[in-house]
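To start, the structure itself, in structure tokens.
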Amino acid sequence: MTELPSFLSRWGAEEVGPHRLVIRVEKDKLRDAVKDLVSADEMIYLSTMSAVDYPERGVIELNYFFWSVTEKKGIIIKVEVPRDKPEIDTITDILPGANNAELEAHDLFGVVFKGNKSLRRGFLLPPEIVEAGIYPLRKDAKGV
Amino acid sequence: MAKYVEVPVGPQHPALHEPIMLRVKLDGEVVEGVDIVTGYNHRGVEKLGEKNSWVRDIYIFSRICGICNAVHAQTYTQGVEKLMGVEPPPRAKYIRTIVMELERIHSHMLINAVMAEAIGFDTLFMLIMRDRERVMHLKEIITGQRVHADIHIIGGVKRDLKPETAEKVLRVLDYIEARLKHYKKVFEEDYTIRKRLEDVGKISKQEALKHSLVGPVLRASGVPSDVRVDDPYSAYDELKPNIVVRHEGDSLARMLLRWDEALESVRLIRAAIKNMPKGNPVPKAIKRAAGKGEVFSRVEAPRGELIYHIVSTGGPKPYRIKVRTPSFNNIVNSGFAYIGERLADVPVILTSFDPCISCTERVLVVDEKKGLRKWVPFMALSRGEIRVA
């Protein structure tokens, strides 16, 4: 048995469907939540992190999707970062598997993950898009 | 000057799609570190998905991969069906499952064939590819197309499975099952294959979870995680697949696990045909607009967990679709698995992750001390014919 149920009640998880739970945290609490989650359940992995741009609310929403192998639950941690200063702490030192997701969100949305040393543009994008300073998956991106 | 020699493996491979480069740092023959360099082929599929309608996107997303296209269509379609409140008929779910399991068999056969080729066993490559063609033919008689199934539509499938087609599928499966057992035996018993794969690229359970590795790579390291069982979709809640797990965590375990999974797929297809519900799987009308909401849709692709994040703000187009393919985790996050191995094992380890990229036809060997540069073929490297010392 894991300590996942107590983690979920501690962070106010809300069930949104079969095998899916959502936790909303402030961006400076993300690292605490991830550390707590990893220590509560050792059979957990970060499946993906999906960024969504909401210009009318002025935020980029980051959805960290974790899968618990033993409890068979998908735990989605939602964090919002401001669009004009999209900065958040990295979690790659806790879970190195977050590296590709952080690199992708940096390249396509311009989110800066503080402390991630391998952060660079052009991880996925061709040089002409990088040089033009375009973040193509932002809703107001021009020329893509 | 650095003490190590840097060997860029890649990025172009004309035989397969999606280029990638492994920048391998060597101390003599031993790998000290690997940088995985991507970005050669970003196609902007997610942006394209936002600009097209819900229905058109089925065909856009199923074209992400030529090998596992039906699972992409499944992940997308089941997510959209959830947002639209559509439930496909049970018979459609069974037909989708049969197509996806056929895809798993031919995908696992393909990567085992590529592995045989990478270690210089070209005859075995030819034999497996010959038998794989029979599976491709089954896909063609069911869906109408040999490579791209395109059988998924919102709320069902495009065409029904006729009884005579199902009989043919069962007949060919008998042949395929015997061949799969034979190849599994070859991989288990052949001296050369064991010598090249055993104890190479070992990954522990904790490492696999920490680095977010998925699918056969995760299961070969002793983690019983399979979306078909844990988070069932389509007809899997009724068919009840068995999870194949191995505990060795090396390249051989990953390849043998795939043979066992292909055999399990044969069993699933037989069970699906036997228990196929009656009814019409083809919907009369297709819904074209979704309500507000978001969904994380997961499917067990041949290479592992495939996950889509679909966001809808209502209307005829999606707001955002995030696609995370299994190779994006398995290849980009697996640099640690090469450290301490030999240069000739790099292609073996990469192939054992079943890369949906396959990149490495030619290799530029750079000797920094002597300032030498020469192009060598990937095959020569994998056979250990190139010495960098």
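The shown structure was predicted, so the numbers you read here are calculated from the model rather than taken from an experiment. Labels below follow one simple rule: chain letters A, B, ... track the order of the sequence lines, proteins then strands, and each chain is numbered from 1.
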Any chance NZ of A:Lys114 has more than 12 other-residue heavy atoms, nucleotides or ligands included, within less than 6.0 Å? yes
Can you tell me if CD on A:Glu128 sees more than 12 non-hydrogen neighbours from other groups inside 6.0 Å? yes
Against chain B, label [X] side chain, backbone, both or neither, depending on which of its atoms sit under 4.5 Å from a heavy atom there.
X	value
A:Tyr54	both
A:Met49	backbone
A:Arg120	side chain
A:Asp107	neither
A:Ile94	backbone

[X], part contacting chain A, at a heavy-atom distance under 4.5 Å:
X	value
B:Glu50	side chain
B:Ile36	backbone
B:Tyr319	both
B:Ile307	side chain

Heavy-atom pairs under 4.5 Å with chain B: which of [options] has the most?
options	answer
A:Pro136, A:Ala98, A:Pro18, A:Pro96	A:Pro96
A:Leu137, A:Asn99, A:Leu95	A:Leu137
A:Leu108, A:Thr48, A:Leu103, A:Asn100	A:Asn100

[Y] side chain reached by [X] side chain, heavy atoms, under 4.5 Å:
X	Y	answer
B:Asp231	A:Lys72	no
B:Arg298	A:His19	no
B:Val227	A:Trp67	no

Distance from A:Leu124 atom CG to B:Phe328 atom CZ, nearest 0.5 Å? 5.5 Å
Spacing of OG belonging to A:Ser47 relative to CG belonging to B:Asn329, to within rounding of 0.5 Å: 6.5 Å
In terms of side-chain geometry, is the basic nitrogen of B:Arg324 or A:Glu104 positioned less than 4.0 Å from the acidic oxygen of its partner? no
Taking the basic N atoms (NZ, or NE/NH1/NH2) and the acidic carboxylate oxygens, is any pair closer than 4.0 Å for B:Glu294 and A:Arg20? no
Quick one: is the NZ or CZ of B:Lys322 closer than 6.0 Å to the six-membered ring centre of A:Phe65, and within 45° of its axis? no
Backbone N/O of [Y] and side chain of [X]: donor-acceptor pair under 3.5 Å:
X	Y	answer
A:Tyr45	B:Ala208	no
B:Arg320	A:Ala51	yes
B:Asn333	A:Gly97	yes

